[in-house]
Structure formats: structure tokens, C-alpha cells
K.L.:
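Can you keep this structure in mind? I'll have questions shortly.
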Amino acid sequence: MTDVTVPRAEDFDEISALLYLAFHDDPDPELSEVERGVFEPERALLVRDGGRPVAHAAAYTRDLQVPGASLPAAHVTMVSVLPTHRRRGLLTALMRRQLREIRDAGREPVAVLWASEGRIYPRFGYGLAAQRYHLQCDTAELRLPEPAAAGGTLRLDRPAGHRADLARLYDRVRADRPGWSSRDERWWAYLLADVKTRRDGATERRVLLHEGGDGVDGYALYRTREAWERGGPRGEVRVDEVVAATPDAYQALWRMLLSIDLTRRLSFRTAALDEPLFWLLNEPRALGAQLSDALWVRVVDLPAALAARRYATDVDVVIEVTDDLLPENTGRWRLVGGPDGAECVASTAPAALAADVRALGELYLGGTGLGALAAAGRLRELVPNTVATTAPAFTWHRTPSPMEVF
């Protein structure tokens, strides 16, 4: 019963039913068809009991933007165990086999996921690498600076007819934002699908385009939800994502989102920790920002992962790492790098820092401070002053900013 197998494409309906049950949702045929379009059965793992699926995990094949580079990353998803089969080691079996297969394939130095519960994945070596803000605010008194001059035009439409423009702009902006994942045609079709049962009383999704001198240089995907009170309208704007290549485009998009007629509230679930809104609004505390976890990163191939990203300043350090699940990562590693490249090789030199593989995942996207991990006892300084001299290298000029839950 605990044998882990690779499902077939035709098993998707059974897997989908398992996920709906495990995540306390009603079956949704329209949504299932959308999700079928990105399902990769060859990257899925399934456990059956008496022929019935009882546990599952999968991964998507996508690239992840990291500081200074884009690299293949296993996007782990669809992880679930039926309530009747908990505490039997099924999740552990799935996670161990998945990590081993990713490592042995040799294509993806890291894995990344969103966690339904933060306590689950650290025991498999995943570290919290990126956080987000959930914004919920009243908009009546919020103001952005007035534009210095006319800097472009806004246009409102349905997203489907602008997929090419959205994809070009997304790729342009993604190059400078750790935490964003690549989107091919399948993923744009998935992300722009507008399943009615998932609107929660709001309108269909709309796209707000900003056009500058060189064409579309900003867009926002959003919905609105009608609401009225005795004193008048109190509608809500629900923002899905805002992508802007210039400050003018960013401000113009948010200026409209915060002032749509008949609305008085706005919500945005994936605001970055360095979201420019905080430095633009007349009253940033009114955004009601609530901090939450976002991306969890698992370093799978340590030397390949550390060599793949760039570093904000020059770094030359030996780190002693322990990894109970992937012993190939255990040992001393010398990292030499900087803004233009890096290499990481096994070393016999004395280590200056010591950490488990989870800590490297937390550091990987540049959103977690090395000093913070040291202060928490998660990383040990073996040579005095190494934390102070090494910490700047692991930062980046933009914080990781997850754009979508996959």
C-alpha cells in the first residue's frame, strides 16, 4: 500500500478528486480542466490503497528567477494525503523520493513550493526564502503623488486579447525580480483562465494596460466586487498582480486601482516586502499590511545552486553543511563569487560558517539576512566576524516577490 508509483495522464481525474477532498473543496469540473493543462504526470508520484488514490505529490517544470540569474527549479505542488491515511509515513515517502529523483535527474539545483502549513516542510530541508504582504485597506483617503507630466495612457480590456503583450512585459520585468517563475504558453493559459466558481462574487478578471512611448510598459490584473451600504457604494477592488517596467507606469496603474468609481476598498495578496506603494502613499500604514510566508526553497544540488546565483558583493567563504536527506550536499564547500559569477567546490579548508541545508534555502533568494539566521542560532559563526563580512553578499537590491501560487 505504501508503494509510490508514477501515475498516467488518465489518472488526473482521480488525483483531482483526492486534492479537492484533502483541501476541503467541492469538485469543480471547469477548474479541473484548466489544471489538467499544466499537469505533468511524469513528474507526479501517487500512492494507492485498494486501488484508490490516498496520497500524491507532483512538480512543474519551470524556471525560477534568483538573484542575477534564472535557473530550472522543480515547482513542487499538489501535495496531499487523505485524512484517513495520515501518520503512516506517506508524505515522508513522497518527499524523500521526489527529492532523490530531482537530484538524480541533475537538471534542477533547487526545488520551490508554497506551504499549506509552515511546519510541514522544514523537516525535508525546505527553508522560508520569501515572504509577502497581504494588503487590505479602505481607499477613500489614500493618495499617490500627482504625475509631474503626462507620461502615458491607460486602457481597460479583457486579458485574453493581450496575452502576447503581457508575456513580453512580464519576462522583461522578471529578469530583475527574484521569486518570479517562468510562464510559457501553457502557464499563461492557466493563469488567465477565469473560472466563474473562483470569483467569489466578483466580476470577471480585467486588465489595465499602461502604454508609454515604446508600447505597453505596465499592466494590472484585477476584479471588482459590488457592495452598497446605507451611506452609498462600498465596492472592492481585488488586485491579482501589477507588473510595471517604469515608475510612471507603476504609479499610473495604482492611481487608478485606488480610485475606481463606486469602490472604497482594495485587497492585494502578493505585495512585495519592498512594494513601492509603501514609499508613495500619503498614509502607508492604512494599507493594513499583514505579513505571511510565501516561497520555500530546498537546495537540491548544493554546489550547482550556489554557483548559479549572483552575489551583491564579492564573497570567499567556506561553509560546512549538513543534509540528512541528500548526503551529497553534506560537507565543506568553498563559495567564491560576486556580481558577475560564482563557483562552489568541495573544500578541505577549515569552515568559517556552519549550517544545515535548510538555512541555505532561506538565504538563497536574498530575502533572509545571514545575520538574522546567526542570531536565531540557525547558522553558526566558526571564525569571528565572518557573518558581518559575508552577509552583504547574500542580499540583493530587490527582495524576492512571489507573484503566483502554483
Side-chain angles (χ1 to χ4, degrees), residues 1-62 74-102 111-121 123-124 126 181 183-202 204-205 223 240 269 293-296 298 402 404-406:
M1 188 269 291
T2 57
D3 289 343
V4 179
T5 63
V6 177
R8 305 164 299 166
E10 50 266 38
D11 295 324
F12 179 78
D13 288 336
E14 285 186 306
I15 294 169
S16 183
L18 163 65
L19 293 168
Y20 284 126
L21 182 58
F23 286 95
H24 314 299
D25 207 352
D26 290 326
D28 186 336
E30 185 181 2
L31 179 61
S32 293
E33 282 306 303
V34 171
E35 293 177 336
R36 191 192 304 272
V38 293
F39 179 59
E40 300 177 42
E42 70 280 6
R43 301 210 64 181
L45 297 170
L46 182 65
V47 178
R48 292 181 180 273
D49 183 7
R52 182 190 184 193
V54 295
H56 179 264
Y60 298 129
T61 304
R62 304 176 70 180
H75 285 56
V76 175
T77 187
M78 301 173 72
V79 180
S80 61
V81 177
L82 277 186
T84 53
H85 287 69
R86 294 172 65 244
R87 308 300 183 195
R88 301 188 188 185
L90 299 185
L91 177 63
T92 297
L94 290 171
M95 292 292 99
R96 285 177 174 268
R97 174 161 167 177
Q98 184 182 65
L99 285 172
R100 173 47 57 191
E101 290 185 352
I102 295 169
V112 59
L113 56 77
W114 288 76
S116 56
E117 292 184 275
R119 60 185 176 177
I120 297 176
Y121 294 97
R123 57 193 170 110
F124 304 115
Y126 284 87
S181 299
R183 296 175 176 177
D184 59 17
E185 285 297 313
R186 294 177 312 119
W187 274 98
W188 277 106
Y190 171 81
L191 290 163
L192 295 182
D194 200 1
V195 179
K196 292 181 179 180
T197 54
R198 290 304 187 261
R199 294 179 186 173
D200 189 28
E204 65 179 355
R205 186 182 289 115
R223 310 176 190 275
D240 290 333
R269 292 182 175 272
D293 63 290
L295 291 181
W296 295 72
R298 209 304 178 177
E404 67 193 70
V405 180
F406 50 83

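No experiment lies behind these values; they were computed from the predicted model shown.
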K.L.:
Do Glu404 and Ser181 have side-chain N/O donor and acceptor atoms under 3.5 Å apart?
P.N.:
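Judged by distance alone, the side chains do not pair up.
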
K.L.:
Looking at every heavy atom in both Gly51 and Glu14, which two are closest together, and how far apart are they?
P.N.:
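That would be O-OE2, 4.3 Å.
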
K.L.:
Give me the atom names and distance for the closest heavy-atom approach of Leu18 to Pro53.
P.N.:
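Closest heavy-atom pair between Leu18 and Pro53: CD1-O, 4.1 Å.
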
K.L.:
Nearest 0.5 Å please: distance from the CG atom of Leu94 over to the CG atom of Leu99.
P.N.:
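Separation between the atoms: 11.0 Å.
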
K.L.:
Could you check whether any side-chain heavy atom of Arg183 comes within less than 4.5 Å of a side-chain heavy atom of Tyr190, counting everything from C-beta outward?
P.N.:
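When only atoms from C-beta onward are counted, Tyr190 and Arg183 do not touch, as no gap falls below 4.5 Å.
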
K.L.:
Where the side chain of His56 meets the backbone of Met78, is there a donor-acceptor pair that is under 3.5 Å apart?
P.N.:
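Yes, His56 side chain to Met78 backbone: donor-acceptor pair under 3.5 Å.
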
K.L.:
Residues two or more places apart in sequence or in another chain: which of them pass side-chain contact (heavy atoms from CB on, under 4.5 Å) with Arg199?
P.N.:
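Arg199: side-chain contact (heavy atoms from CB on, under 4.5 Å) contacts with Asp194, Lys196, Glu204, Arg223.
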
K.L.:
Within the structure provided, determine whether Ile102 and Arg298 are in side-chain contact (heavy-atom separation under 4.5 Å).
P.N.:
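A side-chain contact under 4.5 Å is absent here.
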
K.L.:
Any salt bridge between Asp184 and Arg62, counting N to O under 4.0 Å?
P.N.:
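Result for this pair is no, no salt bridge flagged.
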
K.L.:
Tell me, do Thr92 and Arg123 make a side-chain contact under 4.5 Å, heavy atoms counted?
P.N.:
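Yes. Closest side-chain heavy atoms under 4.5 Å.
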
K.L.:
More than 12 heavy atoms of other residues, nucleotides or ligands under 6.0 Å from CZ of Arg205: is that the case?
P.N.:
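Count over threshold, so yes.
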
K.L.:
Examine Trp187 together with Tyr60 and report whether their ring centres are nearer than 6.0 Å.
P.N.:
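Yes.
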
K.L.:
Do Arg88 side-chain atoms and Thr84 backbone N/O form a donor-acceptor pair below 3.5 Å?
P.N.:
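Pair found, side chain donor or acceptor close to backbone of Thr84.
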
K.L.:
State, without any angle test, whether Arg43 and Thr61 hold a side-chain donor-acceptor pair at a distance under 3.5 Å.
P.N.:
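Present: a donor and an acceptor within the cut-off.
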
K.L.:
Within a strict 4.5 Å, meaning less than it, do heavy atoms of the Leu295 and Tyr126 side chains meet?
P.N.:
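The answer is no, as the side chains (C-beta and beyond) never meet within the 4.5 Å cut-off.
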
K.L.:
Can you measure from CG (Asp13) to OG (Ser32) and round to the nearest 0.5 angstrom?
P.N.:
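Atom-to-atom, Asp13:CG and Ser32:OG are 7.0 Å apart.
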
K.L.:
For a quick test of reading the model, state the closest non-hydrogen atom pair linking Gln98 to Ala58 and the distance between them.
P.N.:
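Here Gln98 and Ala58 meet closest at NE2-O, 3.1 Å.
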
K.L.:
Output yes when Arg198 and Asp28 qualify as a salt bridge under the 4.0 Å nitrogen-oxygen rule, no when they do not.
P.N.:
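So Arg198 pairs with Asp28 through a salt bridge.
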
K.L.:
State, with a plain yes or no, whether a side-chain heavy atom of His85 is found less than 4.5 Å away from one of Val47.
P.N.:
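No; the side chains remain at least 4.5 Å from each other.
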
K.L.:
Tell me which pairs pass ring pair (Phe, Tyr, Trp, His ring centres under 6.0 Å) where either residue lies in residues 10-55, with sequence neighbours left out.
P.N.:
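Sorted result for residues 10-55: Phe12-Phe39.
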
K.L.:
Is the backbone of Val4 close enough, under 3.5 Å, to the side chain of Arg97 for a donor and an acceptor to pair up by distance?
P.N.:
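Checked: pair present.
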
K.L.:
Are the side chains of Leu21 and Leu82 in touch, meaning some heavy atoms are under 4.5 Å apart?
P.N.:
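Yes. Closest side-chain heavy atoms under 4.5 Å.
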
K.L.:
Go through the steps for Phe406 and Trp114 under the test side chain to side chain contact (heavy atoms under 4.5 Å, CB included), then give the verdict.
P.N.:
CA-CA 7 Å; Phe406 50 83; Trp114 288 76; 3.5 Å; yes

K.L.:
Below 4.5 Å, heavy atoms only, C-beta onward: do Arg48 and Asp3 meet side chain to side chain?
P.N.:
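Arg48 does not reach Asp3 side chain to side chain.
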
K.L.:
Could you check if a side-chain atom of Phe124 sits within less than 4.5 angstrom of a side-chain atom of Leu91, using non-hydrogen atoms only?
P.N.:
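Heavy-atom side-chain distance check passes, below 4.5 Å.
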
K.L.:
Could you walk me through whether Asp49 and Arg52 satisfy the salt bridge (charged side-chain N to carboxylate O under 4.0 Å, His left out) test, starting with their C-alpha distance in whole Å, then the side-chain angles of each, then the deciding distance to 0.1 Å, before giving a yes or no?
P.N.:
CA-CA 5 Å; Asp49 183 7; Arg52 182 190 184 193; over 6 Å; no

K.L.:
Testing the basics here: between Ala59 and Ala74, what is the closest heavy-atom pair and its distance to 0.1 Å?
P.N.:
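For Ala59 versus Ala74, the nearest heavy atoms are CB-CB, 4.4 Å.
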
K.L.:
Which atom names give the shortest non-hydrogen contact between Ala22 and Ser80, and what distance separates them?
P.N.:
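Residues Ala22 and Ser80, closest heavy atoms: CB-CB, 3.6 Å.
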
K.L.:
Walk me through it: do Arg186 and Glu40 pass the test side chain to side chain contact (heavy atoms under 4.5 Å, CB included)?
P.N.:
CA-CA 12 Å; Arg186 294 177 312 119; Glu40 300 177 42; 4.0 Å; yes

K.L.:
Applying the side-chain contact (heavy atoms from CB on, under 4.5 Å) test to Val54, which of Leu90, Val81, Leu46 qualifies?
P.N.:
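Among Leu90, Val81, Leu46, the one meeting side-chain contact (heavy atoms from CB on, under 4.5 Å) with Val54 is Leu90.
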
K.L.:
How far does CG of Asp11 sit from OG of Ser16, to the nearest 0.5 angstrom?
P.N.:
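Interatomic distance, Asp11 CG to Ser16 OG, rounded to 0.5 Å: 12.0 Å.
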
